[in-house]
Amino acid sequence: MGKRKGSVHTEFESAVRDALAFLTDELGFDRPLAEVGILHTVTYTRGQHTRDQQQIIVYYDPMPHGLTTEVATVWEGIKYSASLSTLVFAAGLGHRNVVTTAANNLRNMDKSLESQAYYLRLLAPYLQDPAESAQLMHEAGARGFPV
């Protein structure tokens with residue numbers, strides 16, 4: 001297979017969709033919404049009502065060339081949000097730096113997305129139940145905001 005053409009900037013959205021297809025195919029998240037601004041984001045949402053909604057948001061920040069995945073859960077009127085690496089640590093699935101985030105080139109972006117997809121799959125059982133997800137968020141020291 002030849003080298004892929006393009007840049008992280010142009011390939012980000014399609015690479016995220018490919019790496020995280022299991023979120024829609026297996027876990028019931030809606031098709032992702034992509035936005036381009038200072039940060040590029042791809043957001044997956046599950047649950048149509050704000051009282052039980054979950055989101056997985058992948059950010060690409062071109063300045064440090066990094067990918068960050070954030071998980072948000074609404075439970076009992078509070079929206080909790082934490083980074084994937086923080087949740088992995090809180091769940092006892094690895095140390096804080098085990099999730100790869102480098103995206104300075106296509107190869108590193110692909111490796112980071114592979115790493116993030118792997119840990120999202122491991123966290124999937126914690127995310128199925130909103131109460132359990134909120135508990136993990138609380139243990140991770142997640143920020144909480146009323147909705």
| request: Assess whether side chain to side chain contact (heavy atoms under 4.5 Å, CB included) is satisfied between V16 and L113, documenting all intermediate values. | output: CA-CA 7 Å; V16 170; L113 286 171; 3.8 Å; yes

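- Here CZ of F29 is found 10.0 Å from OG1 of T24. Values are rounded to the nearest 0.5 Å.
- By the 6.0 Å contact criterion, NE2 on H65 is enclosed, its count of non-hydrogen atoms from other residues, nucleotides or ligands being greater than 12.
- Residues Q135 and E139 have side chains that bring a donor and an acceptor to within less than 3.5 angstrom of each other.
- Side-chain contact annotation: T43 with Q55, donor-acceptor N/O pair under 3.5 Å absent.
- With hydrogens and angles ignored, the 3.5 Å screen pairs a side-chain donor or acceptor of S115 with a backbone N or O of T100.
- Cluster annotation: V71 is connected to W75 through the hydrophobic network of ILVMFWY side chains, with a link wherever side-chain heavy atoms come within less than 4.5 Å.
- E35 and T41 share no side-chain donor-acceptor pair at under 3.5 Å.
- Taking the six-membered ring where the residue is Trp, Y60 and H40 present parallel rings, their angle staying beneath 30° rather than reaching 60°.
- Distance check: F12 CZ to S7 OG gives 12.0 Å after rounding to the nearest 0.5 Å.
- Atom-to-atom distance recorded for D129:CG and Q54:CD is 9.0 Å, nearest 0.5 angstrom.
- Side-chain atoms of R96 never come within 3.5 Å of backbone atoms of F89 as a donor-acceptor pair (strictly under, hydrogens ignored).
- R17 places a side-chain N or O within donor-acceptor distance of the main-chain N or O of P32, the cut-off being under 3.5 Å.
- Within 6.0 Å of CD on E114 lie no more than 12 heavy atoms contributed by other residues, nucleotides or ligands.
- Stacking of R121 on the aromatic ring of F22 is recorded, both the 6.0 Å distance cut-off and the 45° axial limit being met.
- A distance of 8.5 Å separates OG1 of T73 from CG of L136, quoted to the nearest 0.5 Å.
- At distances below 3.5 Å, at least one donor-acceptor pair connects side-chain atoms of S112 with backbone N or O atoms of N108.
- Between I56 atom CD1 and E70 atom CD the span is 11.0 Å, to the nearest 0.5 Å.
- Between the Q53 side chain and the G47 main chain, a donor and an acceptor come within less than 3.5 Å of each other.
- Y44 pairs in a side chain to side chain contact (heavy atoms under 4.5 Å, CB included) with only one of the listed residues (I57, L20, D30), which is L20.
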